[in-house]
Amino acid sequence: MKHIAALLMILCLLIACLPASAEDTLPQMGGEGENRMDVDKLAEERAAVWEAYAAKMLSDSALQQETEDQAMVFGDATMRYFVTVIGNKPEDGYPLYIALHGGGSSDTPDFNDSQWGDMQNYYSYALKCGVYVAPRGVRDTWDTHFNPESYPLYDRLIQYMILTQDVDPNRVYLEGFSAGGDGVYAIAPRMADRFAAANMSSGHPNGVSMINMKNLPIQLQAGEFDTAYNRHTVTAEYDGYLNDLQAEYGGYEHRTLIHYNSGHNYADYNRKSIACMNDPQKWLKEGDRSFGMLDSFPPDYMKQFTRNPLPEEVIWDLATRAELREVDSFYYLSAPKETKEGLIRASYDRDANRVTVNTEEVNGEFSILLNEQMVDFEKPIAFIVNGAEITVKVNPDRAVLEKTTAERGDPNYQFEAEIAYAELEKLIQK
């Protein structure tokens, strides 16, 4: 018996001296102390944090006043807006259509006011269901819809509509005509994570990059004789640009309508079939004017798409950002305003519990945001960073959940972990 007792004691000592499990020895990232969340209760935590955020916002006197006035203020800029609710609310909430008026540079507000009045009915007349919002450009300038102050106001407008009009965050659409088309070109790439689809009619891109549009479908429209600023040919050129991006990266869903025998104006405001070129590239390069009859009504194109807020791959051109936007995140990436150069390609594979990040000449810090829809926090997560791999244990963090909920005011962008790229690099270099 003494020998057995001695053997058992030796065995216990040996077990105690065994190395910890592989998982226990992994680098730990994420929540610590009181902020560390129970993985089994993440859904409950997310719902509670969203409920608290919504209650706080709805009781905010500034939101209440701006909603009553239908006017929002940022700095010295005011964005007035018209809103109407059409049809019966779907189970998941109303689709939201944000419609940008024509106009632009003017010595007096009268011209843009009249264009704003027109847009209040322009696309809404044939709409069957949705919350239809027509913002008034914040200044009477050529970039009336995308002055620097416009971007934080669009974020706020969408947040307000989610909270006050039962809007489905995954069915927010952007459309605009003429100067409003210019606005769509400018806004969509900089805020691609906000929208399910977009429509640009009779506008000019002014050289904007479309790389951020991988996951945002867009319809481009122009009249074949809209020669001012070469809108007609530039629209077809951007069709080719999107074709090239699609061939290289996948995604970049788009449709381009060059309206046959039309100038700046055409009837895209109803569902009547209208003559459009069969092939924008053949029209541009070969002068082929063969056409077919198509429905060009923007909501009909856009409503077929529902936003995936967490696409498997995201491409972020950091140079294409809105400087005054208060939101620093783009899908599941986040970077301070000072990081404004370079390209990030990020993807995730939940089945493999893996996140992949590739960078090109990024000039500053950024981080990867994660939630339980993207990864399994109960298991180690592999990060592949520019070809190098590191496996870490990520702990959900309540502070990150609260911060990301408040930042975009969108229940689909609640994250429980934020992983700094610089920290991953340090671990890899050890």
Side-chain angles (χ1 to χ4, degrees), residues 99-108 110-119 122-123 137 139-147 174-189 198-210 213 217-246 252 254-270 272-298 301-302 320:
L100 308 181
H101 63 78
S105 182
S106 177
D107 293 332
T108 70
D110 297 350
F111 180 48
N112 283 305
D113 283 345
S114 68
Q115 293 290 300
W116 178 37
D118 290 344
M119 187 52 72
Y122 190 77
Y123 290 126
R139 293 189 180 91
D140 299 306
T141 55
W142 73 276
D143 55 350
T144 182
H145 293 295
F146 52 104
N147 277 211
L174 180 67
E175 57 194 350
F177 190 91
S178 193
D182 294 0
V184 171
Y185 268 129
I187 297 159
N199 175 88
M200 187 295 306
S201 294
S202 294
H204 195 285
N206 298 291
V208 69
S209 168
M210 303 296 276
M213 299 281 289
I218 189 168
Q219 178 169 262
L220 307 178
Q221 304 196 53
E224 72 162 315
F225 300 131
D226 191 359
T227 57
Y229 310 104
N230 294 319
R231 291 190 192 97
H232 58 333
T233 55
V234 171
T235 301
E237 288 167 3
Y238 261 63
D239 172 72
Y241 176 20
L242 288 166
N243 288 344
D244 292 342
L245 289 171
Q246 188 175 62
Y252 297 97
H254 63 285
R255 181 171 83 153
T256 301
L257 305 180
I258 303 299
H259 290 264
Y260 177 82
N261 205 31
S262 296
H264 189 59
N265 297 294
Y266 37 83
D268 69 332
Y269 47 79
N270 61 39
K272 293 180 180 178
S273 294
I274 193 168
C276 297
M277 304 303 175
N278 288 330
D279 188 327
Q281 293 308 299
K282 286 186 177 181
W283 169 80
L284 176 67
K285 298 172 182 178
E286 303 171 15
D288 182 349
R289 297 180 71 229
S290 59
F291 64 87
M293 304 301 291
L294 296 171
D295 172 3
S296 65
F297 186 50
Y301 171 78
M302 295 189 294
T320 307

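Positions are given from 1, in the same order as the sequence printed here. This is a predicted model, so every value here is computed, not measured.
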Next on the checklist: Do His254 and Gln246 have side chains that approach each other closer than 4.5 Å (heavy atoms only, starting at C-beta)?
Outcome noted: yes

Item to check | Nearest-0.5 Å distance, NE2 of residue His259 to CG of residue Asn261 | outcome: 12.5 Å

Next on the checklist: Donor-acceptor pair, distance only, cut-off 3.5 Å: does the side chain of Asn112 make one with the backbone of Gly104?
Outcome noted: yes

Item to check | Trace of the side chain to side chain contact (heavy atoms under 4.5 Å, CB included) decision for Arg289 with Glu224 | outcome: CA-CA 9 Å; Arg289 297 180 71 229; Glu224 72 162 315; 2.6 Å; yes

Checklist entry - Are the side chain of Tyr301 and the backbone of Ile218 linked by a donor-acceptor contact shorter than 3.5 Å? => result yes

Checklist entry - In this structure, which one of His264, His101, His145 forms a ring-ring contact (aromatic ring centres under 6.0 Å, His included) with Phe177? => result His264

Item to check | Taking every non-hydrogen atom, the tightest pair across Gly176 and Val184 | outcome: N-CG2, 3.5 Å

Item to check | Side chain to side chain, Leu242 and Met210, heavy atoms closer than 4.5 Å | outcome: yes

Next on the checklist: Looking at every non-hydrogen atom in both residues, tell me the closest pair between Pro298 and Gln221 and how far apart they are.
Outcome noted: CG-NE2, 4.1 Å

Checklist entry - Checking side-chain hydrogen bond (donor to acceptor under 3.5 Å, both in side chains) for the pair Asp268/Tyr122: CA distance, chi angles, key distance, verdict? => result CA-CA 9 Å; Asp268 69 332; Tyr122 190 77; 2.8 Å; yes

Next on the checklist: With a 6.0 Å cut-off on the ring centroids, do Tyr241 and Tyr252 count as close?
Outcome noted: no

Item to check | Pairwise distance CG(Asn199) to CZ(Arg255) - rounded to 0.5 angstrom | outcome: 9.0 Å

Checklist entry - Hey, what do you get for CE (Met302) to CG (Leu174), rounding to the nearest 0.5 Å? => result 7.5 Å

Next on the checklist: Can you confirm if the aromatic rings of His204 and Tyr238 lie within a centre distance of less than 6.0 Å?
Outcome noted: no

Checklist outcome for this item: Here the pair of heavy atoms bringing Ala267 nearest to Ser296 is O-OG, 3.8 Å

Checklist entry - Taking C-beta and beyond as the side chain, do Met200 and Thr235 meet within less than 4.5 Å on heavy atoms? => result yes

Checklist entry - Can you name the nearest heavy-atom pair linking Ser106 to Phe111, along with the distance? => result OG-CB, 3.8 Å

Checklist entry - Roughly how far apart are Tyr123 OH and Leu100 CG, rounded to 0.5 Å? => result 9.5 Å

Checklist entry - Between CG of Asn230 and NE2 of His232, what distance do you get to the nearest 0.5 Å? => result 6.0 Å

Next on the checklist: So which atom in Gly263 and which in Tyr266 form the shortest heavy-atom distance, rounded to 0.1 Å?
Outcome noted: O-CD2, 3.9 Å

Next on the checklist: Between Asp288 and Asn278, is the side chain to side chain contact (heavy atoms under 4.5 Å, CB included) condition met? List the steps.
Outcome noted: CA-CA 9 Å; Asp288 182 349; Asn278 288 330; over 6 Å; no

Next on the checklist: Show, in sequence, the C-alpha distance, side-chain angles and deciding distance for Thr141 and Asn147, and conclude whether the side-chain hydrogen bond (donor to acceptor under 3.5 Å, both in side chains) test is met.
Outcome noted: CA-CA 8 Å; Thr141 55; Asn147 277 211; 3.2 Å; yes

Checklist entry - Step by step, would you call Asn243 with Asp239 a side chain to side chain contact (heavy atoms under 4.5 Å, CB included)? => result CA-CA 6 Å; Asn243 288 344; Asp239 172 72; 3.5 Å; yes

Item to check | Reported OG-to-CG distance for the pair Ser290 and Asp279, which is rounded to 0.5 angstrom | outcome: 7.5 Å

Next on the checklist: Please evaluate residues Asn206 and Asp143 with respect to the criterion side chain to side chain contact (heavy atoms under 4.5 Å, CB included), reporting the C-alpha separation (whole Å), side-chain torsions for both, the decisive distance (0.1 Å), and the verdict.
Outcome noted: CA-CA 10 Å; Asn206 298 291; Asp143 55 350; over 6 Å; no

Checklist entry - Hey, is the main chain of Asp140 close enough, under 3.5 Å, to the side chain of Thr144 for a donor-acceptor pair? => result no

Next on the checklist: With a sphere of 6.0 Å drawn around CZ of Phe225, does it hold more than 12 non-hydrogen atoms of other residues, nucleotides or ligands?
Outcome noted: yes

